[in-house]
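In each ligand, atom 1 is the first atom listed, and ligand 1 is the first ligand listed. Predicted model only: the values in this text are computed from it and were never measured.
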Amino acid sequence: KTVGIVGCPFSGGQPKEGVDEGPIKMIEYGLIDQLVEMGWSVEFDGHHKFTEFRPAEDPNIGKLKKPRYVSRVTKAVAESVESHLKKGHLALTLGGDHSLALGTVSGTFAAYPDACLIWIDAHADINTPESTESGNLHGCPVSFLLAVDGLINEEITEFSWLKPRLRPDRLVYIGLRDVDPPEKEILKKYGIKAFSMYHVDKYGIGKVVEMALDAVNPDRDRPIHLSFDVDGLDPTVAPSTGTPVRGGLTFREGHYICEAINETGLLVSVDIMEVNPTLEDEVSVFETVTVGCSLVRCCLGESLL
Ligand SMILES: N[C@](CCCC[B-](O)(O)O)(CCN1CCCCC1)C(=O)O
Ligand SMILES: [Mn+2]
Ligand SMILES: [Mn+2]
Ligand SMILES: [Mn+2]
């Protein structure tokens, strides 16, 4: 079994420097050897050089920041992910900020139209060009990916390459605790299944993962795309990330999600996003990078016994 690693040193979807170093650090910390050790064959042709994609001019479109840069980069990511999947590889995307999911999820649905998406995050990342306050595209990817009318106005031709294929009933969240009011409206309007930290507390992570799978994969026959924003974890677990929010998933809850999804045998594509190894002290950086690597290992079959 082969895993194709898509290294995405990219920070254009948000304002903080450093998140582009996330993939570099995860590889530097030995992720490839760890996966080889587990029996995986690894295809990694080096990190993408996205700085070459940066347009000279990239004025805001409405409130959206760096729309052209994000569009070009995510289109390339979509092609990489799709290509690995069409070769029968498991796609592993290392971020980089979460706007990259515009590419990863597009790539997965191009290869597996019947897929479902499990989004681990403190945030819903479902702002529209109108509803966003920050204009940071890492807060918007899901709204662009949803195959529903009336979310994205046609004027945004930047992302015309993106064919929205994500049905609302194929998307489920775990870990939410910082959702903007307009995002709450969108979740309600489309009946999108969302398990917040309230549900994790109420039911426990085991039941929550089971309910999440029941919601989007009732017969356990659909390929799974897991998009894991490390800020879904509590900041004491993954401190070095751009938008930390207290009251998050424990180390074990985060890993349990990956172990349980691995156990389905249906995982085809996984993103580990928003590791920024420049924001905190050395120990915090080490913790955040290594938790990213251990989440990957659990997605790829590492087990405690
Ligand atoms: N929803 C936010 C955060 C997005 C985080 C992206 B992720 O999950 O990939 O890290 C926050 C907007 N919020 C509005 C009220 C004032 C504080 C910021 C946004 O900027 O849209
Ligand atoms: Mn191959
Ligand atoms: Mn987040
Ligand atoms: Mn996110």
Side-chain angles (χ1 to χ4, degrees), residues 8 10-20 22-23 60-67 70 73-74 77 93-106 117-146 151-152 166 171-187 192 194-197 200 225-249 253-254 257 269-280 288 291-292 295:
C8 294
F10 181 66
S11 64
Q14 55 77 64
K16 294 184 179 177
E17 300 291 308
V19 67
D20 52 324
N60 289 9
I61 296 178
K63 287 179 272 183
L64 296 182
K65 294 168 181 165
K66 303 196 187 99
V70 172
V73 163
T74 53
V77 170
T93 302
L94 304 177
D97 75 68
H98 222 166
S99 66
L100 289 162
L102 288 160
T104 63
V105 175
S106 296
L117 174 57
I118 301 177
W119 195 279
I120 313 302
D121 208 320
H123 312 91
D125 296 3
I126 199 169
N127 272 305
T128 67
E130 287 72 36
S131 74
T132 178
E133 274 191 34
S134 65
N136 299 326
L137 272 159
H138 74 157
C140 304
V142 181
S143 73
F144 284 79
L145 292 162
L146 275 172
L151 264 192
I152 304 297
L166 175 64
L171 166 64
V172 63
Y173 290 95
I174 300 175
L176 297 183
R177 55 191 185 276
D178 185 12
V179 181
D180 303 339
E183 294 182 303
K184 289 180 179 174
E185 282 171 37
I186 293 170
L187 296 178
I192 292 167
F195 295 97
S196 69
M197 291 308 298
V200 174
H225 181 123
L226 174 66
S227 199
F228 202 124
D229 182 332
V230 295
D231 74 30
L233 300 167
D234 189 81
T236 59
V237 177
S240 207
T241 189
T243 52
V245 184
R246 291 181 297 173
L249 296 165
E253 288 166 340
I257 292 169
S269 191
V270 53
D271 318 326
I272 302 289
M273 314 310 264
E274 299 282 355
V275 170
N276 183 332
T278 70
L279 294 176
E280 299 294 328
T288 309
V291 83
L295 290 170

Response to the item:
Heavy atoms of T288 and A238 approach each other most closely as OG1-C, 3.7 Å
Worksheet item: Are the ring centres of W119 and H225 closer than 6.0 Å?
Response: no
Response to the item:
Heavy-atom nearest pair, Q14 first then K16, reads NE2-O, 2.8 Å
Discussion item. Whether the T104 and D271 side chains hold a donor-acceptor pair (N or O, under 3.5 Å, no angle test) is what I'd like checked.
Written reply: yes
What short N/O contacts, under 3.5 Å, does ligand 1 make with the protein, listed by atom pair and distance?
residue  : atom   : partner : partner atom : Å
ligand 1 : 1 (N)  : D180    : OD2          : 2.9
ligand 1 : 8 (O)  : D121    : OD1          : 3.1
ligand 1 : 8 (O)  : D121    : OD2          : 3.2
ligand 1 : 8 (O)  : H123    : ND1          : 3.1
ligand 1 : 8 (O)  : D125    : OD1          : 2.6
ligand 1 : 8 (O)  : D125    : OD2          : 3.2
ligand 1 : 8 (O)  : D229    : OD2          : 3.0
ligand 1 : 9 (O)  : D125    : OD2          : 3.1
ligand 1 : 9 (O)  : H138    : O            : 3.2
ligand 1 : 9 (O)  : D229    : OD2          : 3.2
ligand 1 : 9 (O)  : E274    : OE2          : 3.2
ligand 1 : 10 (O) : D229    : OD2          : 3.2
ligand 1 : 10 (O) : D231    : OD2          : 3.1
ligand 1 : 10 (O) : T243    : OG1          : 3.0
ligand 1 : 20 (O) : S134    : OG           : 2.7
ligand 1 : 21 (O) : N127    : ND2          : 3.0

Worksheet item: Which residues satisfy the side chain to side chain contact (heavy atoms under 4.5 Å, CB included) test with T236, sequence neighbours excluded?
Response: D234
Worksheet item: In terms of side-chain heavy atoms, does D121 have a donor or acceptor partner in H123 at a distance below 3.5 Å?
Response: yes
Worksheet entry | Partner set under side chain to side chain contact (heavy atoms under 4.5 Å, CB included) for K65, not counting sequence neighbours | N60, N136
Discussion item. Looking at G18, is its backbone amide N or carbonyl O close enough to the side chain of D20 to form a donor-acceptor pair, meaning the two atoms are under 3.5 Å apart?
Written reply: yes
Worksheet item: If you leave out waters, which protein N, O or S atoms are less than 2.8 Å from the Mn ion (ligand 4)?
Response: H98 ND1, D121 OD2, D125 OD2, D229 OD2
Worksheet item: Between I152 and P129, which heavy-atom pair has the shortest distance, and what is it?
Response: CD1-CD, 3.5 Å
